[in-house]
Number of protein chains: 2
Amino acid sequence: MTLAEKVYVLLRRDIVSGALPGGQPLRLEPLRQRYGAGFSPLREALNRLQAERLVVQAPLRGFSVAPISRAEMWDAIETRITIEVEALRRAIARGDDGWEARIVGAFHALSRQSARMGPRDQPGGEIHQALEARHRAFHRALIDACGSPRLLDYAERLHAETERYRLPVLAGDGAGAARDVPGEHRALMEAALARGANQAAALLAAHYRRTGAALEAQFADSPAPAKPETA
Amino acid sequence: MTLAEKVYVLLRRDIVSGALPGGQPLRLEPLRQRYGAGFSPLREALNRLQAERLVVQAPLRGFSVAPISRAEMWDAIETRITIEVEALRRAIARGDDGWEARIVGAFHALSRQSARMGPRDQPGGEIHQALEARHRAFHRALIDACGSPRLLDYAERLHAETERYRLPVLAGDGAGAARDVPGEHRALMEAALARGANQAAALLAAHYRRTGAALEAQFADSPAPAKPETA
DNA sequence: TAAACCGTGATTTTCGAAAATCTGATTGCG
DNA sequence: CGCAATCAGATTTTCGAAAATCACGGTTTA
């Protein structure tokens with residue numbers, strides 16, 4: 001693995017996790033020290049991330065982390081729904097026994113790790129990171145049999161974009177208020193295994209929209225959503 | 001505009017037009033002479049193109065133009081249909097008078113340039129390039145009011161990917177055999193203006209699938225689609 | 001006073017050399 | 001004779017310096 005690729009992975013993780021918050025300028029000298037790489041691999045990684053909408057570049061004024069906003073969050077979520085619903089429909093139409101088995105397996109692993117999470121586990125901790133990995137693996141397993149490398153690619157990118165809004169919020173406490181996420185996952189799995197395309201699609205869309213609604217709180221204060229009146 | 005960005009635009013054009021054919025290794029020293037740039041801007045451009053699926057990188061073995069194949073072509077086309085149909089539905093739901101006006105205008109400009117094309121115009125010539133630009137502008141105008149920067153982004157990328165299969169074929173003669181492309185465009189425009197979402201979606205999908213079918217001929221010989229039998 | 005002009009320092013961008021790695025052919029050995 | 005090890009040339013990747021550009025504060029001028 002080349003150094004440029006390592007830096008790409010690290011930078012991506014730091015942006016998605018929120019360690020590098022939206023809008024933050026990415027000056028090259030500090031990045032050089034942080035990631036122990038020269039200008040070339042750094043700039044290569046930044047250019048790749050720019051193509052993924054995680055970084056923006058202002059010519060001759062450098063890079064910065066792509067800003068976040070309510071509108072951007074919803075666009076990422078709704079686009080993700082468009083992509084993943086289509087992929088899910090195709091997977092339901094094409095998936096074989098192996099596809100079903102991997103869904104069941106991924107759901108089981110997710111449930112186990114979910115049970116392992118205590119209320120005192122850090123959002124960045126090892127237990128939680130494993131949970132995130134299995135959550136991602138479950139959603140990926142659902143659409144894995146869709147047969148389209150591009151849909152899977154876009155799904156992966158939109159996953160990263162939406163995680164930028166979810167992961168930092170987990171630090172707060174009242175995140176999953178009155179919501180049965182494992183139940184949603186189970187219903188989704190059962191609809192997929194029963195080949196109920198319409199129902200699975202509706203469940204998947206509702207799942208992501210509910211997450212989005214729960215994440216709206218973080219925008220409650222400054223970047224106003226509605227029309228300005230007095231100020 | 002930085003040098004890296006210029007190189008990106010040039011490289012992209014050369015790949016989409018087929019001047020750099022699929023699979024061709026992109027050695028850095030020749031690229032350096034061809035585009036008059038050092039390693040850094042070249043590699044930055046290549047990294048961006050890699051994220052757009054126009055270039056592939058083998059670590060420590062350099063870059064090459066993303067290979068083309070029947071399967072890749074259809075994946076690009078079907079993904080494009082998924083994206084643009086969704087964007088078109090949203091545009092039809094949201095578009096205002098300005099959206100309608102831009103569609104009518106783009107269609108008019110496209111028709112004019114289409115009439116201007118004689119049978120002796122080169123595929124790379126100025127007249128034909130203007131036609132391509134207006135064709136692209138028309139399809140873009142249809143979905144411009146969708147309100148989603150990501151859908152428009154993906155549509156743009158998939159447009160580039162599919163053009164890789166269409167542009168080189170235009171050099172041959174029997175391309176648009178027995179096909180009324182302007183008529184398809186007109187029907188599409190009329191369905192969009194009439195806010196017939198389902199019909200417009202069907203017309204758009206058929207439009208792209210028909211193009212794909214016409215482009216299948218180029219794979220007739222060597223990269224076989226079905227199972228190999230004797231050889 | 002306000003606006004335009006110009007240094008100065010910081011930052012990005014680009015360059016070409018140096019280091020690291022791969023490819024292919026040759027040699028040596030069992 | 002076959003196969004592993006080795007070497008030379010080609011290529012990619014990385015580095016840090018040099019060039020280009022920007023931001024900003026001070027100065028001059030109308």
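Lettering of chains follows the sequences in order, A, B, ..., and the numbering in each one begins at 1.
Counting to the nearest Å, the P atom of C:dT13 and the CG atom of A:Leu26 are 12 Å from each other. One interatomic measurement links the two molecules: CZ of A:Arg48 to P of D:dT13, which rounds to 11 Å at whole-angstrom precision. Atom CD in A:Glu29 sits about 15 Å away from atom P in C:dT13, given to the nearest Å. The separation between A:Leu31 atom CG and C:dT13 atom C1' is 15 Å, rounded to whole Å. A straight line from CG of B:Leu42 to C1' of D:dT13 spans 13 Å, rounded to a whole angstrom. Between the P atom of C:dT23 and the CZ atom of B:Arg27 lies a distance of 10 Å, rounded to the nearest Å. Distance A:Leu28 CG to D:dT21 P: 17 Å, rounded to the nearest Å. Whole-Å rounding puts the A:Glu44 CD to D:dT14 P distance at 6 Å.
Atom CZ of B:Arg116 has more than 12 neighbouring heavy atoms from other residues, nucleotides or ligands inside a 6.0 Å radius. More than 12 heavy atoms of other residues, nucleotides or ligands sit less than 6.0 Å from atom CD of A:Glu29. No more than 12 heavy atoms of other residues, nucleotides or ligands shown are found within 6.0 angstrom of CG on A:Asp97.
Judged by distance alone, with hydrogens and angles left aside, the side-chain atoms of A:Ser114 form no donor-acceptor pair with the main-chain N or O of A:Leu110 at under 3.5 Å. Side-chain N or O atoms of A:Arg150 include none that pairs as donor or acceptor with a backbone N or O of B:Arg53 at under 3.5 Å.
Contact check, A:Arg61 against D:dA23: a side-chain N or O comes under 4.0 Å of OP1 or OP2.
You'll find that the side chain of B:Gln57 is closest to D:dT13, out of D:dC22, C:dT14, D:dT13.
Checking A:Leu60 against A:Met1, the closest nucleotide of DNA chain D that is more toward the 5' end is the one next to A:Met1.
Scanning all heavy atoms of the two residues, the minimum distance from B:Leu11 to B:Ala45 falls at CD1-CB, 4.3 Å.
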Atom pairs, protein N/O to nucleotides 15-18 of chain D N/O, distance under 3.5 Å:
residue: D:dC15; atom: OP2; partner: A:Gly38; partner atom: N; Å: 2.7
residue: D:dC15; atom: N4; partner: A:Ser40; partner atom: OG; Å: 2.6
residue: D:dG16; atom: OP2; partner: A:Arg32; partner atom: NH1; Å: 3.3

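Ring orientation note: the planes of A:His135 and A:His185 are tilted relative to one another, at an angle of 30° to 60°.
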